[in-house]
Amino acid sequence: MAVANTTKTSWRLQEIVAHSSNVVCLALGKNSGRLLATGGEDCRVNIWAVSKPNCIMSLTGHNNPVECVKFNNSEEQVVAGSQSGSLRVWDLEAAKILRTLMGHKANICSLDFHPFGEYLASGSMDTNIKLWDVRRKGCVFRYKGHTQAVRCLAFSPDGKWLASASDDSTIKLWDLTAGKMITEFTAHTGAINIIQFHPNEYLLASGSSDRTIKLWDLEKFKMIGSSEGEMGPVRCLAFNLDGCCLYSGAVDSLRVYGWEPDRCFDVVSVGWGKVADLAICNHQLIGVSHKLTNVSSYVVDLTRVKKSGSVIQGVIQDDQPLTEPSPKGSTLRRNYDRPLTTCSTQRVKQSSESDRRSPEGERRSPSSEDEKESSAEIRNPEDYKEIFQPKSAISRTPPKSEPFPAPLEDGESLLPSMSSITFVFVPARNNRPSVLGDDEALAQIRKGHDTMCVMLTSRHKNLDTIRAVWGSGDVKTSLDSAVSMKDLSIVVDILNIVNLKPSLWKLDLCTSILPQIEELLQSKYESYVQTGCTSLKLILKRFWPLISDTLTAPPSVGVDITREERHQKCKACYKQLKNLSNVVKNKADQVGRHGSAFKELQLLMAPLDY
């Protein structure tokens, strides 16, 4: 009798190199769970489709590292806050900058879009919270009261309140209409990283570096629950879409909580490290994290996760819920009243005109940050058109998608049993299909298997050789060894490591690798081309000024051996870069995944023609 294969409860979906320098922040589109925005030290915001390897769009304009990003509810806009305190809002459908907002005096730490109206809230290291009218391009109100950085902001589902959480261990609740604080919660003993409103009830959840999650009744303004099972700081929170439970993301784990009474229903081990954001779609929870230039996405199958019943924390486990569940549709507390129309006319307390024009307000003199031109560079036209410009407006951002397929548990076969398969083989000169027996079918499946094993064994042996050399700390010899093996896959493996740490690049490394980059750029393998583009970009940004200055400098007086050696290396690099510039020019007109990368390289290589 066939045994049903079991799939994993959690798995890593993908890992991508998201930026040319370290990634600083991430945000998932909460409506679809299929869009991802990343902000980096390269001052760019990149837009991705979750599970796809190529960037859809790259947004420029910031002059300083991007510290915080956020999609609006419809995922038609994205806002990014920089280290300098400026905000930029892009229209993703039109692929253009919509607004530039200035006013904060320090890093932007938190952002949120109003659920209905054209409002945006920002929190900063300067301890201030600002409410912006995106249409009018200005700050309409400033909320003051926190004494340290404002780490998280969240509008209530009805759009009437704004909650703020800070490194000062407090949560403040603000009334947008009255423009004043309603209440303050002070039970946490560490910085508060995340706050989340319940989707229906007057309930707020908070997660802190003090390793606790607390729940707050927003009718009685008191704490009604506190969990203490987390092994590290609580980084992310998400209520189930129906509000039945709360998911908590911490380092390498997901926990499922209930309240009244407090209990933990389940704990799932997930290898996401310091998870940065969560989204729920198709009964799956998507989590994303970043390390250096890389971004990883993970999936948890929520149909395999306990949301009620026996508990893990607080009491002896049994097979019954601790309390009788409330009848479906009933609730212990009041529900939010959502407006039937958009909130464009919602009353929001606004500062006086004189306040908005004050020296420390939003109309300060332009800085270099203002002057840099903003742009939205479409890097993947196919995915861009599918997601942001669908043929039918009904299938808006992004098109409805199926759940991500779950892999099988480790150790189980990835193929169905042979007895359950009928193989059909169509000979080249005969249109009548013939049914193969098990032995013949296995022979077809295994065709080329031995060759592949030999190739992988050889590759493993070569990588072991490189690793032994790498252990001595000699990157140049390691790369030369990889080149001498005449196997581009080994070169790509080494480059992918070196590209993650640009400080490893030296001038003599360039002379060895530039000829290999020429082969990579012309490879039929997409990953090879991507690695070649990344390496060439790093070389141009780090070494072109040195190469140019060395070759144009007047001859030195006397004998300077070091200078002569550097001159010879720069001359060799220049010659190789000239050869590469022709390859780049020929590929810059491509339309597709790599066309924009080659266009960027062409701009970087333009000085070679002078």
Side-chain angles (χ1 to χ4, degrees), residues 110 146-148 150-154 156-157 161-174 181-240 242-268 274-275 278 285 305-318 321-326 331-334:
S110 51
H146 285 295
T147 58
Q148 295 184 44
V150 181
R151 289 294 170 191
C152 188
L153 292 170
S156 61
W161 292 348
L162 175 67
S164 60
S166 169
D167 284 354
D168 63 14
S169 307
T170 68
I171 300 166
K172 297 182 188 295
L173 198 62
W174 309 89
M181 188 176 75
I182 303 171
T183 192
E184 180 181 43
F185 300 125
T186 60
H188 280 294
T189 59
I192 301 169
N193 303 317
I194 183 71
I195 45 178
Q196 185 81 31
F197 281 95
H198 190 281
N200 304 311
E201 301 177 23
Y202 271 49
L203 191 68
L204 180 74
S206 58
S208 169
S209 293
D210 65 11
R211 303 186 180 186
T212 69
I213 296 167
K214 301 188 187 298
L215 288 113
W216 313 89
D217 186 310
L218 299 182
E219 285 187 286
K220 300 176 181 177
F221 300 122
K222 69 175 185 178
M223 187 173 71
I224 55 99
S226 180
S227 66
E228 300 180 354
E230 298 290 346
M231 301 302 292
V234 180
R235 303 180 62 83
C236 297
L237 294 173
F239 281 99
N240 200 58
D242 62 3
C244 69
C245 63
L246 176 68
Y247 302 106
S248 164
V251 175
D252 289 331
S253 69
L254 177 77
R255 289 174 181 259
V256 188
Y257 289 104
W259 55 92
E260 294 177 320
D262 299 336
R263 55 231 196 257
C264 178
F265 295 126
D266 208 348
V267 179
V268 182
K274 295 180 179 179
V275 62
L278 302 175
L285 182 141
V305 172
K306 286 185 179 180
K307 305 180 188 68
S308 62
S310 59
V311 301
I312 291 177
Q313 171 191 323
V315 298
I316 299 173
Q317 294 190 26
D318 55 45
L322 293 180
T323 57
E324 289 295 319
S326 302
T331 179
L332 295 173
R333 55 185 55 80
R334 181 179 164 195

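Treat the numbers as computed from the prediction; the structure is a model and nothing was measured.
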Do the side chain of [X] and the main chain of [Y] share a donor and acceptor less than 3.5 angstrom apart?
X: Ser166; Y: Gln148; value: yes
X: Thr183; Y: Leu173; value: no
X: Arg263; Y: Pro261; value: yes
X: Asn193; Y: Val234; value: yes
X: Ser209; Y: Gly190; value: no
X: Ser227; Y: Thr212; value: no
X: His188; Y: Asp210; value: no

At what distance, to the nearest 0.5 angstrom, does [atom1] of [X] lie from [atom2] of [Y]?
X: Arg151; Y: Ile171; atom1: CZ; atom2: CD1; answer: 15.0 Å
X: His146; Y: Glu184; atom1: NE2; atom2: CD; answer: 7.5 Å
X: Tyr257; Y: Ile213; atom1: OH; atom2: CD1; answer: 4.5 Å
X: Leu237; Y: Ser206; atom1: CG; atom2: OG; answer: 7.5 Å
X: Ser208; Y: Ile195; atom1: OG; atom2: CD1; answer: 12.0 Å
X: Trp216; Y: Phe197; atom1: CH2; atom2: CZ; answer: 13.0 Å

Taking all non-hydrogen atoms of both residues, which atom of [X] and which atom of [Y] are closest, and how far apart?
X: Asn240; Y: Lys307; result: OD1-CE, 4.0 Å
X: His198; Y: Trp259; result: CD2-CZ2, 3.9 Å
X: Gly249; Y: Val275; result: C-CG1, 3.7 Å
X: Ser164; Y: Leu153; result: CB-CD2, 3.6 Å
X: Ser110; Y: Val150; result: OG-O, 2.9 Å
X: Phe221; Y: Ile182; result: CZ-CG2, 3.7 Å

request  = Kindly indicate, with the supporting measurements, whether the criterion side chain to side chain contact (heavy atoms under 4.5 Å, CB included) is fulfilled by Lys306 and Val256.
outcome  = CA-CA 7 Å; Lys306 286 185 179 180; Val256 188; over 6 Å; no
key: Donor-acceptor side-chain pairing of Tyr202 and Asp217 below 3.5 angstrom   = no
request  = Would you check if Phe185 and Met223 make a side-chain contact, meaning some heavy-atom pair closer than 4.5 Å?
outcome  = no
